[in-house]
Structures are given as structure tokens and as C-alpha cells.
Number of protein chains: 2
Amino acid sequence: MTSTNLSRSICILGLGLIGGSLMRDLAAQGVHVYGYNRSASGSRAATDDGFDASDDLTATLRRAEQDKAIIVLATPMPAIPGLLDAIIEFAPSCGITDVVSVKAAVYELIRERGLEDRYVGSHPMAGTAESGWNASRQGLFTRAAWVITYDHAADASDEWIALWTDVAHMILGVGADAIPARIGRHDAAVARVSHLVHIFAEALAIVGDNGGALAQSLAAGSFRDSTRVAGTQPSLVRAMCETNAEAVVLALDEALDLLHDARDSLAKPLPDITTLAETGYAARVRFEARHGARGESVSPVKISSRPLLRLNPGAPGWVRQLEQAETLGGRIDIF
Amino acid sequence: MTSTNLSRSICILGLGLIGGSLMRDLAAQGVHVYGYNRSASGSRAATDDGFDASDDLTATLRRAEQDKAIIVLATPMPAIPGLLDAIIEFAPSCGITDVVSVKAAVYELIRERGLEDRYVGSHPMAGTAESGWNASRQGLFTRAAWVITYDHAADASDEWIALWTDVAHMILGVGADAIPARIGRHDAAVARVSHLVHIFAEALAIVGDNGGALAQSLAAGSFRDSTRVAGTQPSLVRAMCETNAEAVVLALDEALDLLHDARDSLAKPLPDITTLAETGYAARVRFEARHGARGESVSPVKISSRPLLRLNPGAPGWVRQLEQAETLGGRIDIF
């Protein structure tokens, strides 16, 4: 599957790590892709690298409207409302997707504006603590999980199904695994495996720092790896966790229960954290088994270990297939 | 500084990841080194790789006594009392060091047996989630922090000072940074930057696993890195945390305060985790600045970023110099 199945141009708003990497991959696949970046320095960096970028939002959206392009919102959450309003004004018939790491908060903005039938949510699980165009690179999404939402599928128009299909083609075209998930399921899952990781990393970094020069000098690889994402810009961490607060609180409460149990066990005359150590070990072993072939393979060809479901968008039963893929954490292909 | 300054043979009890890597490095430096491993398969693996290893503890200790070797205890904590008793019986005049990740619990065993003047504690901050001889490798300790304790220095005999000097030479000989720290300071520091990291990793792995197949499928690099040490054998995690329980509880309480504050902020109508995100980011930036040249340098020659103090063991004021290095998290060299 290559992005040659994509039937439309792509217009990316926000050329940072994710938007920039998407632009590089799509261009490499021969897709007609252009974009906008608020800072002139960012759009100039993209232009200097040979890409089609502008810092004029209105002109970029007018061009997208003329092309019937799909617009990809690739900015942090706080910029989304303003961009949606500009799209309504200057690109009133374009399909829209986004790559924001929370989906309910974005969908609320979509619903407020009555844009449900023009919108398909998405979220690539890729990134580093770096940001900006200069951190972007081709191949960032290879075998990464890239969620595509489908809450609107049951009530969808043919136009929406065509948009959904093109967003799926875009995801597959950059080598990612397209994983269908409804908004609520997505937000609950990323609260556990991403947002909570950020909160833990911040806390660990602070407790380590409080230990002063000796503790910092003794910190080795495990501390470095566990605090890596504390190096993410605070505004990005806030945007993720605060806009997904409800799901993050549920995950955090689960974690706090485990940590309090461990604390109480350690404070006893005969400390014993067998349960935590054995349950955590078993959980990590399952994670490794599931991710087996991915990421850490020595082979240059990364093979996905996720189950694959082939589906025909809009055909009878396709929503049930999507739900099945969601339950398995499976990836889809389009036929 | 090379290990050619080491004036004695080294006898390593326990040829796992740490003991095995130490044996490889010392042998490469031309040091007379041999060892014992409880399991015959482990000692055979070492022998097959061309090293001098045995599964006969009594014979190995008798040989150490004859050589006046320094004995390195390189087993997990639970095996230490039995080994000390065997040393008292079969190697009654050898100097002793250890590489256990907690120091107060080991020193209690030393004091119970009146071995203070024959013992210098140590702890290399190196390792992986792997274990056993087959995980050992040459160069594991290059530029790693390796703590050397000195609580006994004020009351020390000339023999103890000579032993301390040789343990320092051994550490420097394998390319590690020798960092003096008293037992209490060491245990408090590693509770923050190592043991707490393990407890957090276990909790994260469990909360992620509870999210089922979808959450596991969406878990990316940050989850993988943050849960890596949950792949450590539960018995090793228990040995570390349970024997350093008092210091771990203090570090954990600090972390729990931060997490509860974050939880409360996220549960408000207008969630706001600015303080956590900004303090954590600043802490991580300081960590990176301190560790600058270490570990992630592209240069094959790793340069230490730790301050260096040169000292002459036993000379007037040397204990004050050790305290100064401890406060800075600095490394020492011997002249």
C-alpha cells in the first residue's frame, strides 16, 4: 500500500516535528503537499529544504479550498480553535483531520462548529522530546501506531466515508499502522501509556534533582531513560495532560493505589514488594512479547506485530470490523 | 591511571552481569583475577570464554587467602551473609569489597562480624535489565559512576588505607569514575535515582497493561523506555528496594506529594499542571547539562563531566577531601 491511493492534495497547518515529518514523507511518495507555519522562520526552514511552505494562513487555506485538499491540523491544541474558524471562512468545503494527542477535546470544537461530517480524527504515536521543523525527518512514522477515529461512521455521508478512506490512505502511505479507535477509547488508552508517562517523568526528574550533586552524579541509564520525556516543552505536556484530564486522573489514581501499597509494604518491619515487582515484571514481559518484531529489531525492515484486518469502507458491517480492530489494537488495510 | 597500580590479585564471588564484566575488564588489564560462581553452568560459561572460574567456593577462598587477594562480593544481597561466613572460615585475612546496590544493609552484616577494618564498600552504577555471565561484557563500566565508601576512614588502620587504595585502583583500572560517598548518603541518593525508578517502572507497566490490547498497541518509545527496568528480575528489584526501604520510603513520599498535587490540579474545572511541568523540565535540563559529555557523546572516547579531586590516601586532610568530593558528586584520582 502506498500513498498513490490518496486521491487528494494535502495541506498541513503547523510544520513542527509531526507536521514537518508528514510533509517530508508525503512529498517523498509523490503526493501534492504544501503547508503553513505561523512563524516565518519555520516556514522559511521548510522552504529552504525544498518544500512548499508559507506563513500566510489565508492564502494557504484559499489554495486548499481550490484544490479540494485535505487539511491536516498539526499544531498543539491551543491553536486549534482559531484554525478551525479560519478554515470555516477560507476553506469551507475541505475535509479536515488532525494529529493532536487528545481526541475528545478536539471533537468538542468540531461539534460546536457543526463540522462532524467533514472531520476524521487521527493521532500518530511518534515523536521525540525535540520539536520544530528542524527536528522533523523522513521515516518518523514507519511502523508507528497511528490512530484513526470513527465515531461518526454510523451516521456518515458518502463524502465522510471518502474522507475517512483518504485519511487512512495518508496514514498507510507514510508507513504507519492505521489503528481504528473511538475517541473515548483512544483518550483512555493514551492517558495510560503516554500522558501518565509524562507525569511520572516530571516527578522522577524533580525527586532526582532534589538529591543534589551526589544523586545527579550517580544517576545512570535507567534514570536518563525514565526522565527523557521530562525534556519535552512544558507547554506541550500541559496541552496533552490538561486537555485529557479526566482520563489522566483515572490512570493516575490507578498508579497512586499501586504506589501507596508499595509505600506501605516498604514501611513495614519486614518490607515486601513481591506483588508489585512480580506484577510489573509480568506486565513488561507481555509488552515485550506483543511488540516483539517492532522497533528494536536488528533488521532494517521493520515488521508490524499488530494483527491486520482488511476492510472496505462503507460496506455492510464495516463499523463492526472497526470495533473488532479496536478491541485487538489491530491495524487495518483498505481494499 | 590503569589497573597496573593494583597491587593484589582479585577474587570475584558471583560471575553475573557485574562480576563477569569486572572479570573481563580486569583480565584485559593484565590483573590476576579469578572467581567463583554458585551455578556450575555459570562458572563453565566463564571457563569456556577463557577465564579462571570455579564452582567450588571453599577452594576458591583458600586460593584467595594464599594469594592475599581482595575478595569482591558480586552476588545479590541475599547471598552475602553466607559468603561472609565462608570468608571468615576460609579466607580470614583477605580484604573485602562488594558491588551490592545498597550499602547500609551490607555494612550491618560487616559490623555484626567485626570485619570493618577489612572492608571497603563499593557500588558501580552500571547494568542492564539482563543478568548472568552471558550478559557480561568488557567496557561496561567505562565512565560509569562507581561509588567507594569511606565511613571507616577516620578510625582506619594502615591496612585499611592500603585496601581502600587498592579498591580505588581497581575501580579506576576498569575505566569507571570512583566517587567517594558515605553509606547513608549513597543509600539516600540511589533511592532517588535508581530504586524509585524501578518502583515507578513497575507501576507504569501495570497501569499500561490494565489498558488492554488497544493501550498496549498504542504504547510507543516513551512507554518502552520508562518501563524498561520493569524487565529486571523481580528478586533483584526486591533485594534493592526492600534492603534500602527507609531511604526509598522518603523518596517515594516526595514523589507521592508531587503526584497528588498533579492529580488535584487535573481534577479541577480548569486543570493546570504548570508547576509540575515547568519544575520537571528544569530538573531534566539540569541533569542533561551535568551529564553533558557523558554517555551520549558521539565520540568513541567518553569524557567524564564529573569534577576531579586528586588525593593521597591516609595523608592529613584526606577525609575532608573525600567529603568535598562527595558533596560535589566528584570523582577522585590517587597519587
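In what follows, chains are A, B, ... by sequence order, proteins preceding strands, each numbered from 1.
Between B:Val229 and A:Ser222, the shortest heavy-atom contact is CG1-CB, 3.6 Å. Of all the heavy atoms in B:Ala230 and A:Gly280, the pair that sits closest is CB-O, 4.0 Å. Counting all heavy atoms, side chain and backbone alike, B:Thr232 lies closest to A:Tyr281 at O-CD1, 3.3 Å. Of all heavy-atom pairs between B:His291 and A:Gln216, the closest is NE2-O, 2.7 Å. The minimum heavy-atom distance between B:Ala245 and A:Pro271, with the atom names listed, is CB-CG, 3.6 Å. Closest non-hydrogen pair, B:Ile179 versus A:Ser217, comes out as CD1-OG, 3.3 Å.
Of the possible polar contacts, none joining the A:His198 side chain to the B:Ala277 backbone as a donor-acceptor pair under 3.5 Å is found.
Using a 4.5 Å cut-off between heavy atoms, A:Val285 makes no contact with chain B at all. Both the backbone and the side chain of A:Ile199 come within less than 4.5 Å of a heavy atom of chain B. Contact of A:Asp272 with chain B is made through backbone and side chain together, with heavy-atom distances under 4.5 Å. With a 4.5 angstrom heavy-atom cutoff, B:Leu266 touches chain A via backbone and side-chain atoms both. Neither the backbone nor the side chain of A:Arg331 comes within contact range of chain B, judged by heavy atoms closer than 4.5 Å. In this structure, the portions of A:Ala203 lying under 4.5 Å from any heavy atom of chain B include both its backbone and its side chain. In this structure, chain A has a heavy atom under 4.5 Å from the backbone of B:Leu328, while its side chain stays farther away. With a 4.5 Å cut-off on non-hydrogen atoms, A:Asn210 touches chain B through its backbone and its side chain both. With a 4.5 Å cut-off on non-hydrogen atoms, B:Ala181 touches chain A through its side chain but not through its backbone. Residue contact with chain B, scored on non-hydrogen atoms closer than 4.5 Å, involves the backbone and the side chain of A:Ile273 alike. For A:Thr327, the part lying under 4.5 angstrom from a heavy atom of chain B is the backbone only.
Within the 4.5 Å cutoff, no side-chain heavy atoms of A:Phe223 are placed close to those of B:Arg192. No side-chain heavy atom of B:Val237 sits under 4.5 Å from any side-chain heavy atom of A:Leu276.
Heavy-atom contacts from other residues, nucleotides or ligands closer than 6.0 Å to CZ of B:Arg238 number more than 12. Remark: A:Glu246 CD is loosely packed, at most 12 non-hydrogen atoms of other residues, nucleotides or ligands lying under 6.0 Å away.
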Check your understanding: Could you walk me through whether B:His186 and A:Leu218 pass the side chain to side chain contact (heavy atoms under 4.5 Å, CB included) check?
Key -> CA-CA 9 Å; B:His186 166 275; A:Leu218 301 190; 4.3 Å; yes
Exercise for review: Please test A:Glu278 against B:Gln233 for side chain to side chain contact (heavy atoms under 4.5 Å, CB included), starting from the C-alpha separation and ending with a verdict.
Suggested key: CA-CA 8 Å; A:Glu278 291 189 348; B:Gln233 286 298 326; over 6 Å; no
**Study point:** Candidate pair A:Thr279 and B:Glu202, rule side chain to side chain contact (heavy atoms under 4.5 Å, CB included), full reasoning
**Key:** CA-CA 8 Å; A:Thr279 317; B:Glu202 309 285 8; over 6 Å; no
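Among A:Ala262, A:Ala251, A:Ala215, the residue making the largest number of heavy-atom pairs under 4.5 Å with chain B is A:Ala215. The choice from A:Ala191, A:Gly211, A:Ala145, A:Ala220 that makes the most heavy-atom pairs within less than 4.5 Å of chain B is A:Gly211. Of the residues considered (A:Val147, A:Leu204, A:Leu252, A:Asp257), A:Leu204 shows the highest number of contacts with chain B, using heavy-atom pairs under 4.5 Å. Heavy-atom pairs under 4.5 Å with chain B peak, among A:Glu326, A:Glu242, A:His260, at A:Glu242.
To the nearest 0.5 Å, atoms CG (A:Leu250) and CZ (B:Arg263) are separated by 8.5 Å. Here B:Leu259 contributes atom CG and A:Leu259 contributes atom CG; the two are 6.5 Å apart, rounded to the nearest 0.5 Å.
With sequence neighbours excluded, the residues satisfying salt bridge (Lys or Arg N to Asp or Glu O under 4.0 Å) with B:Asp209 are A:Arg286, A:Arg290.
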